[in-house]
Colleague: 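Got a structure here, written out as structure tokens. Questions coming.
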Amino acid sequence: MYIQSEIVRVS
Amino acid sequence: MNLPHATSGVIVQQQDGAFFLLDTEGGEVFRVNETAARIFELCQGGTSLDGAVASLALRLGAAGQEEAIRADVQRTVTQFQELGLCEPSRPV
């Protein structure tokens with residue numbers, strides 16, 4: 001099962 | 001078509017099961033999931049789009065989902081470029 005990419009800027 | 005090159009100074013780090021992209025020059029940090037980390041590594045290697053799709057399908061156990069992977073890779077590398085994590089595409 002392919003999981004879409006996720007990108008989150010963090011402090 | 002090749003993926004855009006990763007910006008120099010940006011590295012992938014894995015810590016306690018989480019993946020991070022660190023801009024060692026700009027000081028910014030992004031938390032990413034494994035898919036995004038793998039796509040970024042492919043950008044570091046100067047891989048073609050077709051090669052990236054095949055590699056991700058194999059590594060992430062997603063054979064048969066190549067169309068969804070291709071769309072996600074294109075969306076992700078565009079986001080990398082907007083965030084300065086990959087170099088802008090050269091005009092053709």
Side-chain angles (χ1 to χ4, degrees), chain A, chain B residues 3-4 6-7 10 12-13 15-23 26-43 49 52-86:
Chain A
M1 176 69 186
Y2 183 75
I3 298 171
Q4 287 201 331
S5 70
E6 293 175 6
I7 306 166
V8 179
R9 190 193 306 264
V10 296
S11 177
Chain B
L3 300 185
T7 304
V10 181
V12 181
Q13 288 280 294
Q15 184 77 34
D16 299 331
F19 292 89
F20 296 91
L21 300 182
L22 273 68
D23 181 347
E28 289 194 300
V29 179
F30 300 86
R31 184 175 181 143
V32 298
N33 64 0
E34 182 181 4
T35 304
R38 298 299 175 221
I39 293 172
F40 186 78
E41 287 172 344
L42 291 164
C43 291
L49 176 58
V53 171
S55 173
L56 289 165
L58 188 66
R59 289 189 69 172
L60 301 174
Q65 299 180 63
E66 282 77 2
E67 277 191 36
I69 295 171
R70 179 180 297 270
D72 191 46
V73 169
Q74 290 176 311
R75 178 184 64 83
T76 303
V77 297
T78 298
Q79 199 172 354
F80 284 157
Q81 289 175 310
E82 289 169 352
L83 295 169
L85 299 169
C86 277

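Per chain, numbering begins at 1; letters A, B, ... match sequence-line order. This is a predicted model, so every value here is computed, not measured.
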Colleague: Whether the side chain of B/R75 engages the backbone of A/S5 through a donor-acceptor N/O pair (distance < 3.5 Å, no angle test) should be reported.
Modeller: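 Judged by distance alone, yes, a pair lies under 3.5 Å.
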
Colleague: Which residues pass the salt bridge (charged side-chain N to carboxylate O under 4.0 Å, His left out) test with B/E28, not counting sequence neighbours?
Modeller: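 Testing B/E28 for salt bridge (charged side-chain N to carboxylate O under 4.0 Å, His left out), a comparison that skips the adjacent residues, returns A/R9.
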
Colleague: Should A/V8 and B/V32 count as side-chain neighbours, where that means a heavy-atom distance under 4.5 Å?
Modeller: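 The answer is no; the side chains never approach within 4.5 Å.
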
Colleague: Within a reach of under 6.0 Å around CZ of B/R70, are more than 12 heavy atoms found that belong to other residues, nucleotides or ligands?
Modeller: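 It does: B/R70 CZ has more than 12 such atoms within range.
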
Colleague: Flag the one option from B/L60, B/L83, B/T76 with the top tally of heavy-atom pairs under 4.5 Å to chain A.
Modeller: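 Heavy-atom pair counts peak at B/T76.
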
Colleague: If you take all heavy atoms of B/A68 and A/Y2, which pair is closest and at what distance?
Modeller: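 Reported closest heavy-atom pair: O-CE2, 4.5 Å.
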
Colleague: If we only count heavy atoms from C-beta on, is the B/F30 to A/V10 side-chain gap below 4.5 Å?
Modeller: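 They are not in contact (no side-chain heavy atoms under 4.5 Å apart), so the answer is no.
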
Colleague: May I ask you to list the residues in residues 33-40 of chain B that approach chain A closer than 4.5 angstrom, counting heavy atoms only, ordered by number?
Modeller: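 Residues of residues 33-40 of chain B touching chain A at under 4.5 Å: B/N33, B/T35, B/A36, B/I39.
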
Colleague: With a 4.5 angstrom heavy-atom cut-off, is it the side chain or the backbone of B/L21 that approaches chain A, or both, or neither?
Modeller: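 Answer is neither: B/L21 stays 4.5 Å or more from chain A.
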
